[in-house]
Amino acid sequence: MPTAPVLVKTFVPAIISLMMVAALSACSGSDDNSSAQGNQNPDIGTDSPSVPVEPTTDSDPGNDPGSAPNNPSLPSANLLPPLPATPLSPAPGPDDEPTDVNRPVTAINRFFLVEDPPRRIEPVSAFALNDDDFNAGTPEPVISAPNGFDTTTNAAPYFDGISNREVFAGQTLEVLFRPLDDDGGLPGMFPNSLPEGASFSDNFNGTKTFRWMPLQGDVGITTITITAVDSEEPFYRSAQTILIRVNEPEDLSTIPNFPPVVNNVRNHTVRVGDPVVFELKGSDRNSTYPTVEVPNPPPGATVVPHYIFDEVTVLRFTPDEPGVVEFDVVARDADDPSLTGSSTVSTTVEAAAEFVLPGKRLRALAGERDFHLGFAALQGFYHQADGALYSDLAGLEFNLVSTENSMKWGYINPEPGTFRWADADNVIAFAKHYNQVVHGHPMIWHRQLPLWLYETPTNTLQGHMREFIDRLAQRYGDDVAIWDVVNEPIADEGGFRPSLWFNAMGEDYIDIAFRQARESDPDGILLLNEYDIAWDTPKTATLFPLLESLQQKGTPLDGVGFQLHIDAKFDLFDEVEANFQRAADMGLDIYVTELDVAITDADTTEADQANVYERILDICLRQPRCKALQLWGFTDQYSWRRGQSPLVFDAAYKPKPAYFALQRRLGED
Ligand code: G3I
């Protein structure tokens, strides 16, 4: 039996920090960003020949992707002071070291896999609020406005008659939000955060109602934050938080016991002969863990408890013929076994030959022209039922891999002194197995930060930032060729994004982050990564003066990451070309870092999408300073924009016209 999970909990109450998160999220603007990028090989190695689709038991002998970047910026004159002698937060230690996966039951293992130590990390709300916070009254709204906006002559939107509320678990709370603006006009509003099971519904009269039935797991004090948006200036906002105290009723039986549900299991497409692993889990609104059963498993399947998480059941099988494999999953209530939830999982099995494509593979074509084409690797893709097909296709088609979420601070370091390295270690192992260059993403960003950071004193944030950069670089510097050192520092409306970092250090945090990255990884290619900068936007107007300012300071900046989250209607190719050239004229390298092209409405087609992909690749190939073109994923199955089919393979791993457009352009002289 697995060792008992170690519970890692930190209670750090702070209403102020709650306000900070509310403010930062209210200012963060649209995260549904859309952005612009081209390329000779960054001399980070030549491509290896095609990688076999069939599972390989040992690493492909392809060419070494090489490691020395072509031109890291020169070390800057003024180095940073040494890192704090006593770490501001506990450094990673042997207890954080991943261990070999010597059990294939929970993942495919085409390549060497490791796993984090068996512990259950439940990042407890960093804002464990207490009665004093609740009795202190309703927090003041957090007002945010674009740089230069005159708030003295414009009244901020606000909510009428809002106050903290109390409710018993099992009862329904309703709160009416009526946004007002003394300047007139009807403000908009949106919820920054809602607890599980809550709704925020429109009354179609300018008001919206928050409804929520808290249950056992919600007892205590929680918050909701609703942001009012000025009707004239969309970035003039007022984030209003209210505290909700959920009390436990004397008679617990008054709390409805809801039946459990089987957690959503995607439909997958796999190949004959692939190991298929499902990690099946149920959830229960009453905060209990349902057991999970498979009454009719596929022939030859094994069904075992997860080796760490008792509430997870692992079903594993290897289909030996094409067809559709279905099985039922039943979640059974921990308190009342008669209460169940169920679903049917359907897996399409196809012959491997169905995935052998005509023409040369993208990475082969890229290698022939000394070019790098990459993708962002889904975190833990090897735990997915279609993980074998995912990894083989990705290894076959790309010679560069970026970490979509595996290196984000909030995941890697969820609690002070706790580190989860395994997912990033496994991306590195995958890249070595398939001879791919690694793009480390991101070092410093305003999102996906661990909640404990918001609790640390502002004057320690520079130290924490530098420590994290150093810890990432010390572990991965030898394997990561390219780093997104600072991600998305520019506000949507121009100016600096009012992030935790900017609020603590001003714009200097960018220079400091790059200097630390250079000190910690002398050979790394260091990028500033941003969206909405490939064509003329308010962000572009801030970007180029910022780049000039950094260069004047001697910031060790090698290049710019143009994310290019765009759609199939995109047509600003001349502006992309011009902005790439503008960066090149500054002696900076250009990386298309997160390309995806969404099909956003009925009158855009996959042909339109293919055209956009081909045009962006063409611009990149014709721009000598453009260094790499990376897709943000490669199959619609796992895209962050899944509903808009933005990538070059569909969810069943079939190539779309965009794939053949890339293949065609890569094959042209
Ligand atoms: O891993 C947890 C899981 O344990 C939990 O059950 C689940 C539900 O809460 O959340 C999972 O984490 C999610 C994570 O993706 C991994 O799937 C986060 O909630 C979710 O916010 C996160 O979204 C990612 C987003 O960045 C925010 O980090 C997207 O997948 C990722 O595509 C997106 O990528 C960003 C780049 O890093 C920067 N440029 C923009 C781009 C798109 O937003």
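Residue numbers run from 1 in the order of the sequence given. Counting starts at 1 for both ligands and their atoms, following the listed order.
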N487: numbered ligand 1 atoms lying under 4.0 Å from its heavy atoms:
38 (C)
Distance-only N or O hit between ligand 1 and N405, under 3.5 Å
yes
Counting heavy atoms under 4.0 Å, the part of W632 that contacts ligand 1 is side chain
Need the ligand 1 atom indices (1-based, order shown) with element for anything under 4.0 Å from a heavy-atom of H565.
40 (C), 41 (C)
Which one holds for N529 and ligand 1: side chain close, backbone close, both close, or neither close, with close meaning a heavy atom under 4.0 Å?
neither
Can you name the atoms of ligand 1, numbered from 1 with element, that are less than 4.0 Å from a heavy atom of H441?
36 (C), 37 (O), 38 (C)
Answer yes if the ring centres of H565 and W640 are under 6.0 angstrom apart, and no otherwise.
yes
Whether D536 and R582 form a salt bridge (side-chain N of Lys/Arg under 4.0 Å from carboxylate O of Asp/Glu) is what I want to check.
no
Going by the rule side-chain contact (heavy atoms from CB on, under 4.5 Å), which residues pair with V219 if we only count those two or more places apart in sequence or in a different chain?
A169, V246, E248
Within the structure, is a non-hydrogen atom of Y411 found at a distance of less than 4.0 Å from ligand 1?
no
K539 with E530: basic N within carboxylate O range, under 4.0 Å
yes
Does a side-chain N-to-carboxylate-O contact under 4.0 Å join R475 and E97?
yes
Do any heavy atoms of Y531 fall under 4.0 Å from ligand 1?
no
Go through the steps to decide whether D218 and R285 satisfy the test salt bridge (Lys or Arg N to Asp or Glu O under 4.0 Å), and finish with yes or no.
CA-CA 10 Å; D218 303 305; R285 285 197 54 202; 5.7 Å; no
Who gets closest to atom 28 (O) of ligand 1 by heavy atom: E404, E594, M407, Q448?
Q448
Partners of P646 by side-chain contact (heavy atoms from CB on, under 4.5 Å), sequence neighbours excluded?
D596, A598, D636, S639, R641
Given the side-chain rings of Y390 and Y382, with only the six-membered ring counted for Trp, is the space between their centroids under 6.0 Å?
no
Can you sort out which atoms of ligand 1 are near Q563, meaning under 4.0 Å from one of its heavy atoms?
39 (N), 40 (C)
Proximal atoms of ligand 1 relative to R447 (non-hydrogen, under 4.0 Å):
25 (C), 27 (C), 43 (O)
